[in-house]
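Report on the structure given below.
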Amino acid sequence: MTLTCASLIEKYTDIWRDATVHPFLQQCQAGTIQLSQFNTWLVQDYLFAVECARMLARLVGVAPSDHLDILLSGLVSIKDELQWFQRNAATRNLDLNTQPQPTCREYCHLMASAGQQPYAVQAVAIWAIEAAYNQAWRKHSPMPEPYTEFGDRWGNSNFSAYVDELARQADAAIAVADKTQHQAAEAFFLDIARLERDFWQMAYQG
Ligand SMILES: Cc1ncc(CO)c(N)n1
């Protein structure tokens, strides 16, 4: 079977479901999440987003020129996202200068390690990361206040279109990559799915 982004989700349905359906999201949607749990997730996700920006920037360094437009638009969005996290943290009186929890730290290391991989593998990895959040928030939408803006940020149709473009670019790159790269891309997908599941769980370990 040809390796594509869609084929990875098809092959690992259960693992992908666990990455994108979680009590944290269900409790946000039900309005029953505790403030401290939500805030714990928010701070950890800011720390994640900083490293994700660096990963995207590294992709810009190695991508073919006809893939740059999408990646640069991702960087512009993440610039806005980091400022949005900072505003949100200030309103909630949260200190963003916090230690990452073990899961967040492991996820950040994984993103850093992607920089040693060929472009095709990095392209699959960034798609998996963005697709996980897009699907997770969409599956639990609409979110009630005060979580509506969180659901909208990753569940909106522009972000969905961006994720589709990332998949198209990753598919094109992986189609001409060798077997070693296919195996590495699949391994990254599985690590990302596991870490996404564990990332939601961190909210309860604040
Ligand atoms: C854990 C996690 N995965 C993906 C995204 C999307 O950028 C995010 N903000 N946080």
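All values reported here derive from a predicted model rather than from experimental measurement.
The side-chain hydrogen bond (donor to acceptor under 3.5 Å, both in side chains) contacts involving residues 44-57 comprise Asp45-Tyr133, Tyr46-Gln86, Glu51-Arg54, where partners must be two or more places apart or lie in separate chains.
Under the 30°/60° scheme for interplanar angles, the aromatic rings of Trp154 and Trp84 are found to stand perpendicular.
Nearest approach of Val124 to Leu8, heavy atoms of both residues: CG1-CD1, 3.9 Å. Residue Ala184 comes nearest to Gln117 through the heavy atom pair CB-OE1, 3.7 Å, listed as atom of the first residue, atom of the second, then distance. When all heavy atoms are compared, the tightest approach of Gly155 to Ser160 is O-OG, 4.0 Å. Closest heavy-atom contact between Ile192 and Ala125: CD1-O, 3.5 Å. In terms of heavy-atom proximity, Gly115 sits nearest to Gln122 at O-NE2, 3.8 Å. Taking all atoms of both residues into account, the shortest heavy-atom contact from Gln201 to His22 is OE1-NE2, 2.8 Å.
Separation of atoms CZ (Phe150) and CG (Leu42) is listed at 5.0 Å; rounding is to 0.5 Å. Atom CZ of Arg197 sits about 6.5 Å away from atom CG of Asp18, to the nearest 0.5 Å. Taking CG of Asn156 as the reference point, atom CD of Glu149 lies at 12.5 Å (rounded to 0.5 Å). How far CG of Asn134 is from NZ of Lys139: 10.5 Å, rounded to the nearest 0.5 Å. With rounding to the nearest 0.5 Å, the separation of CG in Asp152 from OH in Tyr147 is 15.0 Å. Atom CD1 of residue Ile9 and atom CZ of residue Arg17 lie 13.5 Å apart, to the nearest 0.5 angstrom.
Side-chain contact between Met143 and Trp137 is present, with heavy atoms from C-beta onward closer than 4.5 Å. Under the 4.5 Å side-chain criterion, counting only non-hydrogen atoms from C-beta, Cys52 is in contact with Ile126. Taking the side chain as every heavy atom from C-beta outward, Gln101 and Leu47 never approach each other to under 4.5 Å.
Under the side-chain hydrogen bond (donor to acceptor under 3.5 Å, both in side chains) criterion, Glu145 pairs with Thr148, not counting sequence neighbours. Contacts of Gln26 classified as side-chain hydrogen bond (donor to acceptor under 3.5 Å, both in side chains), with partners at least two apart in sequence or in another chain: none. Contacts of Tyr162 classified as ring-ring contact (aromatic ring centres under 6.0 Å, His included), with partners at least two apart in sequence or in another chain: Phe159.
Between the side chain of Trp200 and the backbone N or O of Ala19, at least one donor-acceptor pair lies under 3.5 Å. Listed for the Ser7 side chain is no donor-acceptor partner under 3.5 Å among the backbone atoms of Leu3.
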Quiz item: Would His140 and Cys28 count as a side-chain contact (heavy atoms from CB on, under 4.5 Å) if you check the C-alpha gap in whole Å, the side-chain angles of each, and the deciding distance to 0.1 Å?
Solution: CA-CA 9 Å; His140 299 83; Cys28 287; over 6 Å; no
Practice problem: Mind running side-chain contact (heavy atoms from CB on, under 4.5 Å) on Glu186 and Gln183 for me, showing each step along the way? | Solution: CA-CA 5 Å; Glu186 190 157 339; Gln183 285 166 349; 5.8 Å; no
Quiz item: Please walk me through it: do Met55 and Ile78 pass side-chain contact (heavy atoms from CB on, under 4.5 Å)?
Solution: CA-CA 11 Å; Met55 177 181 172; Ile78 216 157; over 6 Å; no
Quiz prompt | Candidate pair Gln34 and Gln27, rule side-chain contact (heavy atoms from CB on, under 4.5 Å), full reasoning | solution = CA-CA 9 Å; Gln34 284 178 26; Gln27 288 169 11; over 6 Å; no
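Note on Val21: it does not cluster hydrophobically with Ile129, by side-chain heavy-atom contacts below 4.5 Å among ILVMFWY residues. A continuous path of hydrophobic side-chain contacts links Phe48 to Tyr204 [ILVMFWY only; heavy atoms under 4.5 Å].
Side-chain contact check for Thr4 and Asp171: no donor-acceptor pair (N or O, by modelled atom type) lies under 3.5 Å.
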Report, one line per pair, each donor and acceptor closer than 3.5 Å where one atom sits in a side chain of residues 66-77; sequence neighbours left out.
| from | atom 1 | to | atom 2 | distance (Å) |
| --- | --- | --- | --- | --- |
| His67 | ND1 | Tyr119 | OH | 2.7 |
| Ser73 | OG | Ile70 | O | 2.7 |
| Ser77 | OG | Ser73 | O | 3.0 |

Taking only distance into account, with no hydrogens and no angle test, what donor-acceptor pairs under 3.5 Å do side-chain atoms of residues 106-113 form with protein atoms, sequence neighbours excluded?
| from | atom 1 | to | atom 2 | distance (Å) |
| --- | --- | --- | --- | --- |
| Glu106 | OE2 | Arg194 | NH1 | 3.2 |
| Glu106 | OE2 | Arg194 | NH2 | 3.1 |
| Tyr107 | OH | Glu196 | OE2 | 2.6 |
| Ser113 | OG | Leu110 | O | 2.8 |

